[in-house]
Amino acid sequence: MSSLNELSITEASKKLATGEITSVQLVEACLAEIEKRNSSLNAFLEVFSDAKEQAQKADERRAAGESHPLLGIPLAIKDNILIEGRKASAASKMLQNYIATYDATVIKKLKEAGAVFLGRTNMDEFALGGSTENSAYGVTKNPHDEKRVAGGTSGGSAAAVASGMALGALGSDTGGSVRNPASFCGVVGLKPTYGAVSRSGLIAAVSSFDQIGPITKTVEDAELIFNTIRGQDPLDSTSIGMENIKLQISNNKNIGVPRKLLGKGVEPEVLAQFEHSLEKLKAQGCEVVDIALPALDYALSAYYIINFAEVSTNLSRFDGVRYGLSLKGESLFDDYATTRGEGFGAEARRRIMLGTYVLSAGYYDAYYGKATAARVQLRKEFEDAFKSVDFIATPTMPYPAWKVGEKSDPLAAYLADIFTVTANLTGNPAISIPMGTVEREGKQLPVGLQLTAAHGDEAALFAAGKLLY
Amino acid sequence: MLSREEILNLAALARLKLGGAEVESLQKDISNILEYVGQVSQVDVEKEKATPFNYNVMREDVPAPTLGKREELIKAFPKEENGYNVVRKIIQKDE
């Protein structure tokens with residue numbers, strides 16, 4: 001039998017239900033793997049000292065007759081999701097000693113289900129980046145090649161799952177932050193429909209894009225976590241009851257591919273794996289058609305303008321007055337500027353500056369106004385596209401994981417998000433599923449297939465995902 | 001390229017103290033990024049104005065439990081006195 005930490009959630013859940021294993025044994029197996037690999041991978045920023053006690057409680061709950069598929073399952077939680085009484089730093093110096101005073105809604109739901117929290121995982125500071133190189137606490141390394149990044153911003157969560165340090169994890173996705181590291185680490189990552197999962201207790205990056213999503217070893221596991229954490233929440237007015245969304249269920253599995261977008265920048269071996277996945281879907285009875293989405297030309301620009309604008313607004317709350325880092329200067333202005341200058345890392349500072357620029361009088365219409373219009377246009381094009389296709393398929397990332405430090409130019413790093421940002425602009429659900437590997441310097445590096453579905457149609461993503469993986 | 005003064009003005013608006021060498025690198029990076037995202041200028045705004053997809057979500061104005069206990073919130077204050085947050089005096093006498 002393989003080690004317990006290598007089990008999928010679904011497999012472990014069955015064994016827990018039959019009494020073949022206990023949650024304590026599962027947690028011990030994960031902790032042993034963390035002990036072995038975390039010092040080199042840097043996936044966990046903190047491993048909770050009471051993980052085993054949580055597991056004991058889960059075992060007691062099971063003995064008392066409770067049963068939930070996640071009861072006793074050890075999970076890793078991204079460092080921007082609040083767990084009452086524990087640190088949540090968003091991988092920033094600004095919140096180095098911040099202790100959460102309440103549970104995020106997703107955490108409340110996972111506690112009710114009986115999940116065990118192993119620790120908090122590394123990320124790009126305040127979820128700004130795409131490689132976990134912007135963490136104030138060091139880079140997370142890719143388990144498949146430690147010279148390379150794990151992706152980001154939920155790099156710690158993806159690396160933890162891929163290396164068997166956790167059975168599953170929560171990440172958050174603003175422009176691909178769950179799907180990108182899932183692709184780079186060879187695991188499954190879901191960005192739910194905007195509003196499907198409550199954002200209460202998620203440290204905000206871009207409020208109109210952010211969604212919490214699962215990172216898991218299998219599609220089935222992602223479905224399990226998603227079904228546990230979803231649902232309308234009075235604490236997040238943007239959350240929606242999925243039952244309100246009318247789906248047009250189609251029996252034809254039509255897959256649209258925006259060929260024009262694949263023309264530029266995708267590495268040939270990634271494209272080859274992508275074509276191979278399409279062939280597999282065709283063999284399962286799917287039909288693949290070419291679709292045109294003209295507004296995609298502006299997607300990346302619109303995404304980044306809105307990102308900068310909302311980031312500069314959301315991060316303005318960190319001023320050293322009520323909580324977090326607080327440094328004194330010569331004046332009140334100086335208190336703010338010193339605290340923020342020291343507390344934020346380079347990428348956060350850059351985006352705050354860019355957001356301040358695009359929102360300033362005189363530039364607002366040219367940038368933010370136009371970006372909002374492009375977003376509406378793209379959303380309409382997606383709605384139209386989903387009248388004739390059930391999925392839109394692309395590679396998740398144009399290339400496999402890059403080497404640590406390779407993308408030092410910020411704009412070059414932004415361009416890697418070309419396929420992932422659209423689902424955040426339009427609010428559609430999207431999933432990254434492993435589609436094979438490409439070889440780089442003798443190492444096999446995973447690459448992911450991204451499927452996007454109509455609003456509220458996560459079920460279609462899970463169904464298609466299970467055909468492939 | 002954005003001038004040094006423009007960068008310093010943005011930093012003041014954003015309440016950010018920048019390192020010396022950072023001003024120069026931001027001049028370059030911000031200009032490059034703005035040039036790229038400036039592509040959106042080609043989007044036809046008029047065409048889209050009439051179709052917002054956002055709507056307001058209202059709720060009844062009734063009391064509900066708040067998140068977080070008072071004692072725990074107080075613990076996060078940078079400086080606390082008798083359960084109050086101590087902040088810098090912001091109203092100064094005219095000179």
Side-chain angles (χ1 to χ4, degrees), chain A residues 85 98-99 101-102 200-201 234-235 237-238 295 297-298 300-302 304-305 308 312 316 319-324 326 328-329 332-338 340-342 344 346 349-350 352-358 360 365-367 369-374 376-377 379-380 409-411 414, chain B residues 2 6-7 9-19 22 25-26 28-30 32-54 56-59 64-79 85-90 92:
Chain A
Y98 177 72
I99 295 180
T101 56
Y102 62 94
S200 175
L235 296 173
S237 67
T238 62
D297 290 350
Y298 307 112
L300 207 50
S301 301
Y304 271 101
I305 290 169
F308 301 149
S312 74
S316 64
D319 56 8
V321 175
R322 289 153 303 153
Y323 57 92
S326 179
K328 293 287 165 216
L332 183 64
F333 181 95
D334 230 28
D335 291 353
Y336 293 147
T338 311
R340 292 163 59 77
E342 289 286 316
F344 292 128
R349 293 201 295 272
R350 187 156 43 230
I352 290 169
M353 295 280 285
L354 280 156
T356 307
Y357 184 92
V358 300
S360 38
D365 289 338
Y367 290 97
K370 291 281 191 179
T372 312
V376 173
Q377 209 167 305
R379 187 175 165 120
K380 280 211 286 201
D409 173 34
L411 185 56
Y414 296 171
Chain B
L2 265 71
E6 284 174 295
I7 294 291
N9 180 46
L10 281 177
L13 287 171
R15 304 289 186 269
L16 275 179
K17 188 177 269 179
L18 301 176
E22 194 178 5
S25 68
L26 281 173
K28 186 174 69 81
D29 289 343
I30 289 187
N32 282 343
I33 293 164
L34 287 174
E35 195 190 321
Y36 179 83
V37 300
Q39 288 176 33
V40 288
S41 63
Q42 295 156 37
V43 174
D44 184 357
V45 175
E46 288 309 311
K47 207 169 73 183
E48 305 302 344
K49 259 192 179 153
T51 56
F53 55 82
N54 295 325
N56 283 322
V57 177
M58 312 294 274
R59 62 168 174 80
T66 51
L67 291 173
K69 297 178 198 78
R70 188 170 183 274
E71 317 79 72
E72 299 304 319
L73 295 167
I74 289 170
K75 273 190 210 157
F77 292 164
K79 195 176 171 195
N85 188 12
V86 180
V87 297
R88 187 190 276 273
K89 196 156 97 183
I90 54 167
Q92 312 282 346

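Residue numbers start from 1 in every chain, and the chains themselves are labelled A, B, ... in the order their sequence lines are given, proteins ahead of strands.
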Segment of B/L16 engaging chain A (4.5 angstrom heavy-atom cut-off): both
Contact check, side chains of A/I305 and B/V40, non-hydrogen atoms, under 4.5 Å: yes
Most contacts with chain A, counted as non-hydrogen pairs under 4.5 angstrom, among B/V86, B/L34, B/N9: B/L34
CA sep, side-chain torsions, deciding dist, call: B/N56, A/S237, side chain to side chain contact (heavy atoms under 4.5 Å, CB included): CA-CA 9 Å; B/N56 283 322; A/S237 67; over 6 Å; no
Distance in Å, A/S316 OG paired with B/L13 CG, rounded so as to fall on 0.5 Å steps: 12.5 Å
Proximity breakdown for B/A12 and chain A, heavy-atom pairs closer than 4.5 Å: both
Ion pair B/K17/A/E342, N-O distance below 4.0 Å: no
Salt bridge (charged side-chain N to carboxylate O under 4.0 Å, His left out) evaluation trace for A/R350 with B/D29: CA-CA 8 Å; A/R350 187 156 43 230; B/D29 289 343; 3.3 Å; yes
Inter-residue atom distance A/S301.OG - B/Q42.CD, 0.5 Å rounding: 9.0 Å
Toward chain A, the part of B/L26 with a non-hydrogen atom under 4.5 Å: side chain
Per-residue contact mode, B/R59 against chain A (heavy atom under 4.5 angstrom): neither
Options A/L235, A/I99, A/T356, A/D334, ranked by heavy-atom pairs under 4.5 Å with chain B, top entry: A/T356
Closest-packed option against chain A by number of heavy-atom pairs under 4.5 Å, given B/K75, B/M58, B/Q39, B/E6: B/Q39
Heavy-atom side-chain contact between B/L73 and A/Y323 under 4.5 Å: no
Heavy-atom check, side chain of A/Y304 versus side chain of B/I33, under 4.5 Å: no
A/Y336 backbone acceptor or donor facing B/R15 side chain under 3.5 Å: no
Residues B/V57, A/T238; criterion side chain to side chain contact (heavy atoms under 4.5 Å, CB included); working and verdict: CA-CA 8 Å; B/V57 177; A/T238 62; over 6 Å; no
Side-chain heavy-atom pair B/L2, A/Y357 within 4.5 angstrom cut-off: yes
Which portion of A/A302 sits near chain B, non-hydrogen atoms under 4.5 angstrom: both
Close side-chain approach of A/M353 to B/L18, heavy-atom, < 4.5 Å: yes
Nearest heavy atoms of A/G320 and B/P78, plus distance in Å: O-CG, 3.4 Å
Between B/S25, B/G38, B/S41, B/G19, the one whose heavy-atom pairs under 4.5 Å with chain A are most numerous: B/S41
Top contributor to chain B contacts, counting heavy-atom pairs under 4.5 Å, from A/D365, A/D297, A/V321, A/D409: A/V321
Beyond-backbone contact of A/T101 with B/K69, side-chain heavy atoms, under 4.5 angstrom: no
Heavy-atom contact with chain A under 4.5 Å, split by part of B/E22: side chain
Flag side-chain contact, heavy atom, 4.5 Å: A/L300 against B/Y36: yes
Within 6.0 Å of CD in B/E35, more than 12 heavy atoms from elsewhere: no
